[in-house]
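Reading through the structure tokens given below for one structure.
Order of listing sets the numbers, starting from 1, for every ligand and every atom in it.
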Amino acid sequence: MTFDIVTIFPAMVEAALTAGVVGRAIDRQLLEVVIHDLRDFTTDRHRSVDDVPYGGGPGMVMKPEPIFRALDAISERRGRPVTVLLMSPQGTRFTQGDAERIGSRQHVVLLCGRYEGVDERVRSRVDEELSIGDYVLSGGELPALVVLDAIARYVPGVVGDDQSVAEDSFSRGLLDFPHYTRPAVVGDLRVPDVLLSGNHQEIRRWRKQESLGRTLERRPDLLENATLDDEEREMLRKLQNGSMTELQKGKTK
Ligand code: 4HQ
């Protein structure tokens with residue numbers, strides 16, 4: 001899979017792509033990432049990428065032509081189709097489902113805006129406008145790195161164990177269960193006995209129980225779309241009953 005990242009801060013993006021799972025995948029040529037300095041696509045003496053807003057007001061707007069020239073150069077190099085993603089707080093919220101879907105595309109372009117954002121006409125060349133969350137950042141570079149990382153994990157071979165991607169609790173729509181490693185006792189903090197028991201059936205059930213309990217407590221909204229097996233649906237029913245008053249129980253049962 002290839003990623004082309006268009007930015008006015010190439011060094012910021014470059015640094016983040018040398019470490020970890022993504023860095024290794026680039027070394028192993030499972031991913032090709034090319035970072036494009038938007039200023040290389042300007043034609044004026046000052047290499048301007050922004051200008052004042054029509055209609056007045058504060059802040060600057062990213063000029064359309066350098067972005068169009070960058071996208072033309074990328075399409076030429078990659079051959080169509082390329083999927084163009086614009087990072088923006090006006091976009092739809094980027095989800096695990098989006099990561100999985102986009103993971104099957106051959107060529108993805110990540111457009112990083114700065115200032116007040118891009119000239120509206122840039123959207124005529126954008127396939128999807130994505131937001132990583134409801135807060136304001138100073139540019140699209142960090143969102144682009146977030147989106148690239150989450151997508152890249154779906155490229156075969158990038159994550160060591162394909163199984164762990166498919167079974168990753170978030171892919172299934174639940175929060176993860178608690179993890180422990182050695183030693184079994186730290187001060188007065190003990191690893192739960194069940195994890196030391198060697199009873200794999202019991203361990204599996206305990207982890208399901210913990211995932212469901214945590215999701216119910218912290219992110220009940222996720223349960224609407226979670227894919228649960230029969231055992232999990234039964235566990236959830238009991239957990240929900242446990243947290244309900246006698247009156248509420250009577251009404252749901
Ligand atoms: N920005 N999710 C403003 C974001 C953002 C977000 C990127 C700041 C675009 C122009 N992008 N620039 N949140 O806050 O994606």
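When the options Gln106, Arg125, His107 are evaluated for a side chain to side chain contact (heavy atoms under 4.5 Å, CB included) with Val82, the one that passes is His107. For the pairing with Leu111, the side chain to side chain contact (heavy atoms under 4.5 Å, CB included) check across Val126, Asp4, Leu85 returns one residue only, Val126.
Met87 O, 3.6 Å is the protein heavy atom nearest to atom 9 (C) of ligand 1. Among protein heavy atoms, atom 12 (N) of ligand 1 sits closest to Gly113 O, 3.9 Å. Here the protein heavy atom with the shortest distance to atom 2 (N) of ligand 1 is Ile132 N, 3.0 Å. Atom 11 (N) of ligand 1 has its closest protein heavy atom at Ser88 N, 3.4 Å. In terms of protein heavy atoms, atom 14 (O) of ligand 1 is closest to Leu137 N, 3.0 Å.
Classification of Asp176 and Arg214 as a salt-bridged pair fails, no side-chain N sitting under 4.0 Å from a carboxylate O. Look at Asp127 and Arg105 and you find no salt bridge, because none of the NZ, NE, NH1 or NH2 atoms lies under 4.0 Å from a carboxylate O.
Close approach of ligand 1 to Arg114 is summarised as follows: ligand atoms under 4.0 Å from at least one heavy atom of the residue are 10 (C). Close approach of ligand 1 to Gly140 is summarised as follows: ligand atoms under 4.0 Å from at least one heavy atom of the residue are 7 (C). In the vicinity of Tyr135, heavy-atom distances shorter than 4.0 Å reach the ligand 1 atoms 13 (N), 14 (O).
Residue Leu130 places a heavy atom under 4.0 Å from ligand 1. Heavy-atom separations between Tyr115 and ligand 1 include at least one value shorter than 4.0 Å.
When only modelled atom types and interatomic distance are considered, Gln201 and Arg204 share a side-chain donor-acceptor pair under 3.5 Å.
Within the model, atoms OG1 of Thr95 and CZ of Arg93 stand 10.0 Å from one another, a figure rounded to the nearest 0.5 Å. One finds the OG atom of Ser48 at 10.5 Å from the CD atom of Glu65 (value rounded to the nearest 0.5 Å).
Heavy-atom proximity to atom 1 (N) of ligand 1, evaluated over Pro89, Gly59, Ser131, Gly133, is greatest for Pro89.
At a 3.5 angstrom cut-off on N or O pairs, Gly117 does not count as close to ligand 1.
The hydrophobic clustering, which links ILVMFWY residues whose side-chain heavy atoms are closer than 4.5 Å, places Leu239 and Val194 apart.
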